[in-house]
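In each ligand, atom 1 is the first atom listed, and ligand 1 is the first ligand listed.
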Amino acid sequence: MSVLDSILDRVRSERQAGRVALVLFDIDSTLVSTKPRNAAIAREFAKLGGSIHPGVAELATVTADEMGWLVSDALRARGCEDEKVLQHLMDFWATRFFNGASLANDVPVPGAVEFATAVHEAGGLVYYLTGRDAPNMGQGTVESLGRLGFPLWRGRVVLHLKPTRSLGDREYKRAALDDVRSHLATVVATFENDPGNANLFAEAFPDAVHVWMQTECAPDADAPGDDLVRIADFTRS
Ligand SMILES: [Mg+2]
């Protein structure tokens with residue numbers, strides 16, 4: 001049985017026992033791919049023209065598949081080693097990436113909508129715990145999750161966003177665990193692409209299954225614990 005099927009079984013058995021199972025999902029690079037968002041921003045940067053660097057204009061044809069963690073890597077791949085130009089792109093990227101309007105580019109990680117829906121239909125509580133901040137990205141996140149078909153706007157769904165953009169991700173997610181526990185539901189599984197956050201969840205909920213999404217993560221991220229289950233998407237073939 002796949003890890004995803006065993007999680008759904010656990011959700012059902014909690015329900016049959018009169019309890020609610022909680023499944024926690026990070027959003028970016030866990031349920032939703034950030035690659036199309038990064039590619040769209042890089043293509044917008046290309047409009048600044050090749051006078052900055054010839055590689056900048058070449059970004060006009062960049063695709064989501066080429067995107068890794070750092071959008072500047074795509075410019076490096078086009079021969080740009082000028083740190084000022086690379087930083088210019090990163091600054092340009094940051095003002096757009098953390099902005100709700102760019103979430104129109106969101107696409108689900110394969111199988112993510114179906115799995116989150118299956119968790120909810122099995123009686124589970126779907127808890128989205130995202131590092132997106134409410135002031136800048138709340139509206140866009142609601143529109144994106146709704147458009148993509150993730151469970152939303154009903155019972156047993158929580159959307160938990162960062163109160164301010166400047167709050168550190170780890171600090172925010174550690175503090176959020178008190179809210180997760182307040183539901184008096186059984187935390188049966190967590191899904192997260194950042195290995196440090198996944199380690200945090202594993203420590204907080206030792207009886208749950210903790211999945212490290214092998215999509216992309218920061219090059220300086222913590223080492224993933226040996227107890228984390230590794231999957232690349234939610235397809236259950
Ligand atoms: Mg993430």
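The aromatic rings of Phe234 and Phe191 sit tilted relative to each other, their planes meeting at an angle between 30° and 60°.
With sequence neighbours left out, the side chain to side chain donor-acceptor pair (under 3.5 Å) criterion links Asp222 to Arg170. Taking Asn136 as the reference, Asp133, Arg165 meet the side chain to side chain contact (heavy atoms under 4.5 Å, CB included) condition, with sequence neighbours excluded.
With Phe98 as the aromatic partner, Arg132 does not meet the cation-pi criteria of under 6.0 angstrom to the ring centre and within 45 degrees of the ring axis.
Among residue pairs with one or both ends in residues 192-218, none qualify as ring pair (Phe, Tyr, Trp, His ring centres under 6.0 Å); sequence neighbours excluded.
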Should Phe25 and Phe150 be marked as a ring-ring contact (aromatic ring centres under 6.0 Å, His included) after you check the CA-CA gap, both sets of side-chain angles, and the distance that decides it?
CA-CA 11 Å; Phe25 296 98; Phe150 284 101; 8.1 Å; no

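Nearby protein atoms of type N, O or S around the Mg ion (ligand 1) amount to 3 (distance under 2.8 Å).
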